[in-house]
Amino acid sequence: HGTTGNVQLVIHNLAGEQLSLTRPSACQLHEILEAIHKEWKIPILAQRLVLKDEVVSQSSGAIGRILGLPSGGEVELVCLRNQLSFEVQESLDLRLFDAVAASDYAEIAAALIDGAGPGVPDQDSKAPSAFLTALALKDREAEQMLWDAGVRTDQTDKSKTYRSLRQALATRSLPQAVKCLAHGADVNTWLRRGEGVMDTSGGTPLHALCAQHLQPG
């Protein structure tokens with residue numbers, strides 16, 4: 001059976017705010033989640049919609065069918081914000097890093113909507129900072145997108161003392177290497193064996209990073 005008519009959604013959050021949306025019954029749920037993100041900045045993967053004490057399935061489909069209103073109608077929902085697990089957050093942050101590294105602006109936007117962090121990841125994360133990556137690449141458009149997504153000046157770095165690029169590569173720390181490059185380290189620095197170079201007597205940071213090809217990022 002098809003879906004007809006409009007669904008009027010009144011969505012509340014725990015801050016007491018209200019969002020009213022009117023969409024065709026055939027509208028996909030993802031469009032509603034994107035509207036919530038735009039209004040309240042809640043990442044899509046962190047959103048939980050509740051209807052009469054029941055969590056609404058986030059599977060793809062028409063909202064009329066998902067909410068039991070195939071012919072249209074009015075419904076009230078509550079939007080909760082869940083904390084993303086460390087594994088999911090790290091996966092999103094790596095996805096954002098890959099998008100910034102590739103200057104894929106559509107994917108940057110999509111990763112941010114889903115909940116990737118625009119600033120500095122948790123110190124235990126394997127994901128380099130997307131913002132520092134944009135700085136290192138001198139990619140002004142990506143840099144602006146991350147600023148617009150909420151990077152604060154105190155998030156661009158957690159320390160005023162930077163390890164040298166040699167030290168970062170010697171310890172196989174990609175996040176630290178990206179940080180050094182973002183702050184002006186010479187990409188042509190000559191490295192000796194043990195400074196990230198594995199199989200030759202010397203090489204450049206590019207050689208050292210190629211030796212880390214199995215690491216995330």
Side-chain angles (χ1 to χ4, degrees), residues 11 13-15 17 19 28-50 55-60 77-137 139 141-160 162-163 168 171-183 209 212-217:
I11 306 169
N13 64 21
L14 295 185
E17 299 170 313
L19 174 63
Q28 295 296 300
L29 177 63
H30 195 78
E31 294 181 36
I32 303 302
L33 303 181
E34 287 182 345
I36 292 172
H37 173 266
K38 184 176 181 180
E39 183 71 19
W40 292 330
K41 306 303 181 187
I42 302 176
I44 284 180
L45 293 181
Q47 293 178 30
R48 290 296 179 271
L49 295 180
V50 178
V55 175
V56 175
S57 170
Q58 286 201 359
S59 59
S60 60
L77 300 168
V78 175
C79 181
L80 305 177
R81 177 172 184 152
N82 279 11
Q83 182 70 36
L84 297 177
S85 69
F86 177 83
E87 291 77 13
V88 170
Q89 187 65 64
E90 182 175 61
S91 176
L92 286 168
D93 291 343
L94 281 169
R95 177 182 162 196
L96 177 61
F97 166 73
D98 287 342
V100 171
S103 296
D104 186 339
Y105 305 120
E107 179 63 10
I108 291 173
L112 289 169
I113 287 174
D114 282 345
V120 176
D122 184 276
Q123 63 180 358
D124 295 323
S125 175
K126 299 181 180 67
S129 161
F131 183 75
L132 292 180
T133 302
L135 286 181
L137 293 172
D139 188 333
E141 185 169 349
E143 184 182 334
Q144 188 61 52
M145 291 178 73
L146 296 170
W147 271 117
D148 292 344
V151 174
R152 302 192 308 272
T153 51
D154 63 343
Q155 288 180 313
T156 59
D157 190 19
K158 293 182 178 180
S159 169
K160 295 300 181 184
Y162 311 120
R163 300 166 61 177
T171 56
R172 300 175 66 81
S173 173
L174 182 57
Q176 289 285 347
V178 169
K179 180 189 294 186
C180 292
L181 291 170
H183 288 90
L209 292 174
Q212 300 184 42
H213 69 281
L214 294 179
Q215 293 196 45

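Counting begins at 1 with the first residue of the sequence. Since we're looking at a predicted model, the values are computed, not measured.
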**Q.** Non-hydrogen side-chain atoms of L80 and V50 separated by less than 4.5 Å
**A.** yes
Q | Residue pair Q28 / S60: nearest heavy atoms and the distance that separates them | A | OE1-C, 4.4 Å
Q) Can you name the closest pair of heavy atoms from S103 and D139 and give their distance? A) OG-OD2, 2.9 Å
Q) Once you round to the nearest 0.5 Å, how far does CD1 of I11 lie from CG of L19? A) 5.0 Å
Q: Report the residues that fulfil side chain to side chain contact (heavy atoms under 4.5 Å, CB included) with A111, sequence neighbours left out, ordered by chain and then residue number.
A: R95, L96, A116
Q.
Within this structure, what is the CD1-CG distance for the pair I108 and D98, rounded to the nearest 0.5 Å?
A. 11.0 Å
Q) Okay, side chain of N13, backbone of C79: is any donor-acceptor separation there less than 3.5 Å? A) no
Q | Contact summary for G115 and Q89, nearest pair of heavy atoms | A | O-NE2, 3.0 Å
Q | Separation between CD of E141 and OH of Y105, rounded to the nearest 0.5 Å | A | 4.5 Å
Q) Got L112 and L146 here, is their nearest side-chain heavy-atom distance under 4.5 Å? A) yes
Q) So how far is it from T133 OG1 to E143 CD, rounded to the nearest 0.5 Å? A) 11.5 Å
Q: Would you mind reporting whether R81 and P43 have side-chain heavy atoms less than 4.5 Å apart?
A: yes
**Q.** L92 CG to I113 CD1 distance, which is reported to the nearest 0.5 Å
**A.** 12.0 Å
Between side-chain atoms of residues 29-39 and protein atoms elsewhere (two or more places apart, or another chain), which donor-acceptor pairs fall under 3.5 Å?
from, atom 1, to, atom 2, distance (Å)
H30, NE2, E34, OE2, 3.2

Q) If every non-hydrogen atom of L84 is compared with every non-hydrogen atom of D114, which pair is closest and at what distance? A) CD1-O, 4.5 Å
